[in-house]
Amino acid sequence: MALAYAPALESTPVRIAARYDHFIGGRWVPSSSGQTFATVNPATEEELAQVAVGTPEDVERAVAAAREAYERYWRPMRPADRAKFVYRIARAITERSRELAVLETMDGGKPIKESRDFDVVQAAAHFFYYAGWADKLRYAIHGSEHPEPVGVVGSIIPWNFPLLMAAWKIAPAIACGNTIVLKPAETTPLTALLLAEICEEAELPPGVVNILTGDGRTGAALVAHPGIDKIAFTGSTEVGKIIQKTVAGTRKRMTLELGGKAANIVFADAPLDQAIEGVVTGIYFNQGHVCCAGSRLLVQESVHDEVVDKLKARIETLRLGDPLDKNTDIGAINSAAQHAKISELVQSGVAEGAVLYQQSCALPARGFFHRASFFTGVSQSHRIAREEIFGPVLSIMTFRTADEAIEKANNTPYGLSAGVWTDKGSKSMYVAQRLQAGVVWCSTFNQFDPSSPFGGYRESGFGREGGVAGLHPYLSV
Ligand code: NAP
Ligand code: MG
């Protein structure tokens, strides 16, 4: 059982306005339709603010502002001067880190310890890293002395890492001399809007960064706009395919970071207690709302029962509850819709004959919460083994030999990430080299660094973010 801890609530040093407008051309602009929508706190189901609905006219204005900024200020600026602005944004993120962390947790439901120690830290690190590249771009692409920016970038991001995904898009785009229009997800617009405030404080020239809030229709209008030179999308494979169809036949560039169904492979010779921690991080971090989550555990048959027993004991110690409590491990599911999607897939697992285990804690009376869960007796054909659940639900399967593990791990339309746990370095290498995944973590999971490229194979998308490779989509040679 988990030790009973007294509540340790984070204070909320953040002022949330009743209403937010778009940030276009350095000004706060209401929706051309005058319409707004609510963003709620998924842990309390209470409304936090009303946010502007992005219409096609708003998209038009934002793209025009980004184009003007590109031609007038940003492209002609000396790269070393551009770098100063990007560094300023990075510093302001660290200065306002508590505010950003609390707002991220309130708007999206993730535990404060994660937004504080992961999301905000990584977001600042991305800006610092790409600021350093701004005046060194001639070294980014072998054989190209004078790479040029691409132009105006249209970017659409999901709700699982709202600030961090904004940073992944904005930092490399503007460091390379492009300007950007970014649409955050409908359920989590607030930290992107605070980042817009930070851009204002940093005196970034108007129109270099534009934030347009709205739903899928706003995203679709942005993708279709002829004034966009490059689309950078992170989200579901389903929407990624729609975007690909829209962009086909145009001159627009595109990178897609999509879904995943990663295998986390545990060999019998692995240090099992450490591996269990990696399995827990792999699937329960951010309630499993992680594209690279280790959602399929492949465990060597001889240690299956031992691993399952350890995992049963371990999930009982995870603290589920108020995301603003510093002791919370499992926060709120991002939205009612996502909660329903997870519940439906869990029911399908039970109906198809897998065995469900869940932590036994009580759920808070309000808010969207889901217990840490795993299934044993899963077969490769079950939906819970094939479809992305994007929640705190793990599917456990077994294997006997390394080659069987590789075959099962690769038996998925996705290919974003994978994990390998073994005591033997040679076995790690043998397996890692054969896994068709953009990232393979050996004896660890969910490790990130701005200098390390990230991205997928097959239906997990194409293009890389992070590192030198993350500059390439934003440069033309
Ligand atoms: P989603 O439904 O694809 O939404 C992503 C973004 O696209 C949101 O801003 C959404 O707006 C917008 N959108 C919806 N329909 C659109 C359309 N027809 N045209 C243009 N934009 C549209 O994905 P999600 O459910 O929010 O996010 C979860 C997915 O993202 C998962 O599959 C996950 O694996 C993936 N993901 C991938 C990575 C990666 O790096 N590979 C990272 C994080 C997440 P609304 O919010 O208003 O619907
Ligand atoms: Mg919200």
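Each ligand, and each atom within it, is numbered from 1 in the order the structure gives.
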With [atom] as the reference point, say which of [options] has the nearest heavy atom.
atom                    : options                : value
atom 23 (O) of ligand 1 : G456, G455, S236, S417 : S236
atom 11 (O) of ligand 1 : E186, E465, K183       : K183
atom 40 (O) of ligand 1 : M165, E257, K261, E238 : E257
atom 19 (N) of ligand 1 : A220, G260, G461       : A220
atom 35 (C) of ligand 1 : G466, G235, G259       : G235

At what distance is the nearest protein heavy atom to [atom], and which residue and atom is it?
atom                    : answer
atom 24 (P) of ligand 1 : W159 NE1, 3.4 Å
atom 12 (C) of ligand 1 : I156 CG2, 3.6 Å
atom 14 (C) of ligand 1 : G216 CA, 3.5 Å
atom 44 (C) of ligand 1 : N160 ND2, 3.2 Å
atom 38 (C) of ligand 1 : C291 SG, 2.9 Å
atom 22 (C) of ligand 1 : V239 CG1, 3.6 Å
atom 32 (O) of ligand 1 : E388 OE1, 2.6 Å
atom 21 (N) of ligand 1 : G219 CA, 3.6 Å

Next item on the list: Answer with side chain, backbone, both or neither: which part of L258 has a heavy atom less than 4.0 angstrom from an atom of ligand 1?
Entry: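 Near ligand 1, L258 shows its backbone, while the atoms from C-beta on stay back.
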Check: How does F390 reach ligand 1, by side chain, by backbone, by both or by neither, if only non-hydrogen atoms under 4.0 Å count?
Finding: side chain
Next item on the list: Start with the C-alpha distance between E99 and R15, add both sets of side-chain angles, then the distance that settles salt bridge (charged side-chain N to carboxylate O under 4.0 Å, His left out), and finish with yes or no.
Entry: CA-CA 9 Å; E99 225 179 309; R15 264 187 319 109; over 6 Å; no
Notebook entry, point to check: Hey, does F233 sit under 4.0 Å from ligand 1 if you only count heavy atoms?
Noted result: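 Yes.
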Check: Is ligand 1 less than 4.0 angstrom away from at least one heavy atom of G214?
Finding: yes
Notebook entry, point to check: Hey, does I157 come in under 3.5 Å of ligand 1, counting only N/O atoms on both sides?
Noted result: yes
Next item on the list: Decide yes or no on side chain to side chain contact (heavy atoms under 4.5 Å, CB included) for V150 and L475, but give the supporting numbers first.
Entry: CA-CA 6 Å; V150 172; L475 291 173; 5.5 Å; no
Next item on the list: Identify the residue among T246, I243, T255 that makes a side chain to side chain contact (heavy atoms under 4.5 Å, CB included) with I231.
Entry: I243
Next item on the list: Can you spot which of R386, Q436, R458, Q380 makes a side chain to side chain contact (heavy atoms under 4.5 Å, CB included) with T412?
Entry: R458
Check: Which of the atoms in ligand 1, numbered in the order shown and given with their element, are less than 4.0 Å from a heavy-atom of L416?
Finding: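 The atoms of ligand 1 under 4.0 Å from a heavy atom of L416 are 41 (N).
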Next item on the list: Output the list of atoms in ligand 1 that are nearer than 4.0 Å to some heavy atom of D215, sorted by atom number.
Entry: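 The atoms of ligand 1 under 4.0 Å from a heavy atom of D215 are 11 (O), 47 (O).
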Kindly say whether the aromatic ring centers of [X] and [Y] come within a distance under 6.0 Å.
X    : Y    : answer
W159 : F390 : yes
F118 : F285 : yes
W168 : F161 : no

Next item on the list: Ignoring hydrogens and angles, tell me if any N or O in the side chain of N264 forms a donor-acceptor pair with the backbone of V280 under 3.5 Å.
Entry: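 It does not hold such a pair.
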Next item on the list: Report the C-alpha distance between R27 and D21 in whole Å, list the side-chain angles of each, state the deciding distance to 0.1 Å, and finish with yes or no for salt bridge (charged side-chain N to carboxylate O under 4.0 Å, His left out).
Entry: CA-CA 9 Å; R27 303 204 347 255; D21 294 334; over 6 Å; no
Extract all donor-acceptor atom pairs below 3.5 Å that involve side chains of residues 207-223 and protein atoms in other chains or at least two apart in sequence.
| from | atom 1 | to | atom 2 | distance (Å) |
| --- | --- | --- | --- | --- |
| N210 | OD1 | G25 | N | 2.8 |
| N210 | ND2 | I180 | O | 3.1 |
| N210 | ND2 | G207 | O | 2.8 |
| T213 | OG1 | H22 | ND1 | 3.4 |
| T213 | OG1 | A52 | O | 2.6 |
| D215 | OD1 | R217 | N | 2.9 |
| D215 | OD1 | R217 | NE | 3.4 |
| D215 | OD2 | R217 | NE | 3.3 |
| D215 | OD2 | R217 | NH2 | 2.6 |
| T218 | OG1 | G54 | O | 2.8 |
| T218 | OG1 | D215 | N | 3.3 |

Item checked: N, O or S atoms of the protein lying under 2.8 Å from the Mg ion (ligand 2) ->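 Metal shell, protein only: T39 OG1, V40 O, D107 O, D107 OD1, T187 O.
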Next item on the list: For the pair R383 and E387, evaluate salt bridge (charged side-chain N to carboxylate O under 4.0 Å, His left out) and give the outcome as yes or no after the intermediate values.
Entry: CA-CA 6 Å; R383 283 182 64 200; E387 294 178 30; 2.8 Å; yes
Note to self: salt bridge (charged side-chain N to carboxylate O under 4.0 Å, His left out), that's the test. Do D119 and K110 meet it? Break it down for me.
What the structure shows: CA-CA 10 Å; D119 295 69; K110 65 174 69 202; 2.7 Å; yes
Next item on the list: In sequence, state the C-alpha distance, the side-chain angles, and the governing distance for F445 and W441, and then conclude on ring pair (Phe, Tyr, Trp, His ring centres under 6.0 Å).
Entry: CA-CA 5 Å; F445 210 90; W441 287 294; 4.8 Å; yes
Check: Does CD belonging to E407 count more than 12 external heavy atoms closer than 6.0 Å?
Finding: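 No, CD of E407 has 12 or fewer neighbouring heavy atoms, counting only those of other groups under 6.0 Å.
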Note to self: Is a donor from one side chain sitting under 3.5 angstrom from an acceptor on the other, for Q50 and T36?
What the structure shows: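 Per modelled atom types, Q50 and T36 side chains form a pair under 3.5 Å.
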Check: Just checking, is any N or O donor in the side chain of E57 or S32 under 3.5 Å from an acceptor N or O on the other one?
Finding: yes
